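Computation of the quantities below employed the complete heavy-atom set of this structure, encompassing side-chain atoms and omitting hydrogens, waters and symmetry-equivalent molecules. Because the structure is a prediction, the values reported are computed rather than measured. Numbered from 1 within each chain, the chains take letters A, B, ... in sequence-line order.
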2 protein chains.
Amino acid sequence: MLTAKQRELLLFIRDHLHSSGVSPSFDEMREALDLKSKSGVHRLISALEERQFIRRLPNRARALEVLRLPDGASPAGSEVPASAAKPVPIAANDTIDIPLHGRIAAGTPIEALQGSENFTVPAALLGPGEHYALEVSGDSMVEEGILDGDFALIRKVDTARDGEIVVALIDEAEATLKTFRREGQMVRLDPANRSYEAQRYSPDRVRIQGRLAGLIRRY
Amino acid sequence: MLTAKQRELLLFIRDHLHSSGVSPSFDEMREALDLKSKSGVHRLISALEERQFIRRLPNRARALEVLRLPDGASPAGSEVPASAAKPVPIAANDTIDIPLHGRIAAGTPIEALQGSENFTVPAALLGPGEHYALEVSGDSMVEEGILDGDFALIRKVDTARDGEIVVALIDEAEATLKTFRREGQMVRLDPANRSYEAQRYSPDRVRIQGRLAGLIRRY
DNA sequence: GATACACGTTCTCCGTCTGTTCACGGGGGA
DNA sequence: TCCCCCGTGAACAGACGGAGAACGTGTATC
């Protein structure tokens, strides 16, 4: 599950947390692992986070939290290991991890934004098919109850019916979340905000990248 | 999770609370941390609040509440640590199962609706504390992006600050989701829909049953 | 109800600490 | 071979924290 270095770092964080009460800074970890650069630490931390051994607040100082320890680790003090203290109360395995492809804004096709981040959602929210998540940027869909900062769950499809909310890629360059409508030979993308105007394109300029399947908001 | 200063302040607040019964003022905290200005304290407090270690009422004197303690902190007195008194189950898993207490509509207090259904949500969506879910009924909060049929995730608390969206039980009979505001001696519950009017009640008629913590929508 | 006081909030300025990212490279396993 | 792990170095952005002052807000008091 972990490489030797990752394991060493994880145990160091655990010990540091236990003895001083605060998580170590990147420089302290660099020192402890006998490295000369922090960027190696950064990679190890990312790996530990990806493997769900630690949790952290991004861009925050000393904001690490150890979630669990590798198998066979000795406890920090004379106490029980952290893993035993958390008996893992909830099973409920009906969730799905989907990739979070960044913010949906102007500029880049969705495929380009292959973020490493993942997003866990209840399986009940999603239908069949492949999905991904986007963070909504801007207020063009407020009248549909889609606000800036919301997470849109998108089902990967390349067709849409009138009235459906889709991720549309215009001219292979700009992706937006809009209501899809056909208008004669043209495609119309309707915002849900009176301050914005509907846009019309010829079908060959518009590529559907998915259909809105769910929405998640944090307060 | 915390920097040294943040941890120091949190432990001071805990001790002060424990020995004198009230939370310290900003000046007392400034003194305790050996600072010459309160603004540093303010920033530390904000960081602690952001990390969900404390809760507070804005513009209220000495209105701090310790929600949990950093890992490895010794208890204040000879008693059990605050963390044990308040279970605050932050699951290490990715998801948490919370009860779905039916639709929020007129008629009945939330407790009465002990539905058997459960609702699985990503743990990242919820902070500490106990939560439950409600299905939103009606369009009184559309301008906040809360639509009929959405699922509101509610943190079980009995206090609210101005501007927060809460589940309020009126006269022990009718529960609604509204924005909470104080207005002089009265409590005002604001809808987010121009077609509805704000309602005013004396505080003893209103019981807060929770605070909006997240929102989930299915398309 | 006017006033005074205590307290919390916000701002600017500043220096330091810390995390992030990039580009470079080497080694080893599948 | 490609891919992953690991190391280095440097530059940068932003968080953190301290000082001081002005300003709001709540509460008590008269």
(request) Could you tell me whether the side chains of Ser25(B) and Asp27(B) share a donor-acceptor contact shorter than 3.5 Å? (result) no

(request) Check whether the side chain of Ser37(A) and the base of dG7(D) form a donor-acceptor pair under 3.5 Å. (result) no

(request) With the side chain counted from C-beta on, respond yes when Leu64(A) and Leu17(A) share a heavy-atom pair under 4.5 Å apart, and no when they do not. (result) no

(message) Counting C-beta onward and ignoring hydrogens, is there a side-chain heavy-atom pair between Gln209(A) and Arg207(A) closer than 4.5 Å?
(response) yes

(message) Given 3.5 Å as the limit, does a donor-acceptor pair link the side chain of Gln6(A) with the main chain of Thr3(A), or not?
(response) yes

(request) Drop me the distance from Arg43(A)'s CZ to Ser39(A)'s OG, to the nearest 0.5 angstrom. (result) 5.5 Å

(message) Under 4.0 Å, counting only non-hydrogen atoms across every strand here, what does Gly40(A) touch: a base, just sugar-phosphate, or nothing?
(response) base

(message) Taking only side-chain N and O atoms of Ser39(A), does any of them lie within less than 4.0 angstrom of OP1 or OP2 on dG9(D)?
(response) no

(message) Distance check needed: dT20(C) P versus Asn59(A) CG, whole Å only.
(response) 5 Å

(message) If you only use heavy atoms from C-beta on, which nucleotide in dT20(C), dA19(D), dC16(D) is closest to the side chain of Pro58(A)?
(response) dT20(C)

(message) Is it the case that the side chains of Ser195(B) and Asn193(B) hold a donor-acceptor pair, with the cut-off being a distance below 3.5 Å and no angle test?
(response) yes

(message) If you compare every side-chain N and O of Lys36(A) against the phosphate oxygens of dG7(D) (OP1, OP2), does one of them come in below 4.0 Å?
(response) no

(request) State whether Arg56(A) places a side-chain N or O below 4.0 Å from either non-bridging phosphate oxygen (OP1 or OP2) of dT20(C). (result) yes

(message) Once you apply a heavy-atom cut-off of 4.0 Å, does Ile45(A) come out as touching a base, just sugar-phosphate, or nothing?
(response) nothing

(request) Would you mind reporting whether Ile170(A) and Val206(A) have side-chain heavy atoms less than 4.5 Å apart? (result) yes

(message) Base, sugar-phosphate or nothing for Arg62(A)? Non-hydrogen atoms, less than 4.0 Å.
(response) sugar-phosphate

(message) Output the rounded distance in Å from CG (Asp34(B)) to P (dG17(D)).
(response) 15 Å

(request) Whole angstrom is fine here: how far is it from CZ in Phe26(B) over to P in dG18(D)? (result) 14 Å

(request) Ignoring backbone atoms, test whether His42(A) places a side-chain nitrogen or oxygen under 4.0 Å from the OP1 or OP2 oxygen of dG19(C). (result) no

(request) Please report, rounded to the nearest Å, how far the P atom of dG18(D) is from the CD atom of Glu31(B). (result) 14 Å

(request) Figure out the CE/P separation between Met29(A) and dT8(D), and round it to whole Å. (result) 16 Å

(message) Rounded to whole Å, how long is the line connecting atom CG of Asp27(B) with atom P of dG20(D)?
(response) 13 Å

(request) Quickly work out the Lys38(A) NZ to dC6(D) C1' distance and round it to whole Å. (result) 18 Å

(message) How many whole angstroms separate atom CD of Gln6(A) from atom P of dC4(D)?
(response) 13 Å

(message) Over the length of the helix from dG1(C)-dC30(D) to dA30(C)-dT1(D), how much do the five-pair end axes diverge, rounded to 10 degrees?
(response) 60°

(request) Taking the side chain as every heavy atom from C-beta outward, state whether Ile45(B) and His42(B) have any atom pair closer than 4.5 Å. (result) no

(request) Could you please name the option among dA19(D), dC16(D), dC6(D) that lies closest to any side-chain atom of Lys5(A)? (result) dC6(D)

(message) For Arg43(B) and Ser25(B), find the nucleotide of DNA chain C closest to each by heavy atoms; which residue's nucleotide sits nearer the 5' end?
(response) Ser25(B)

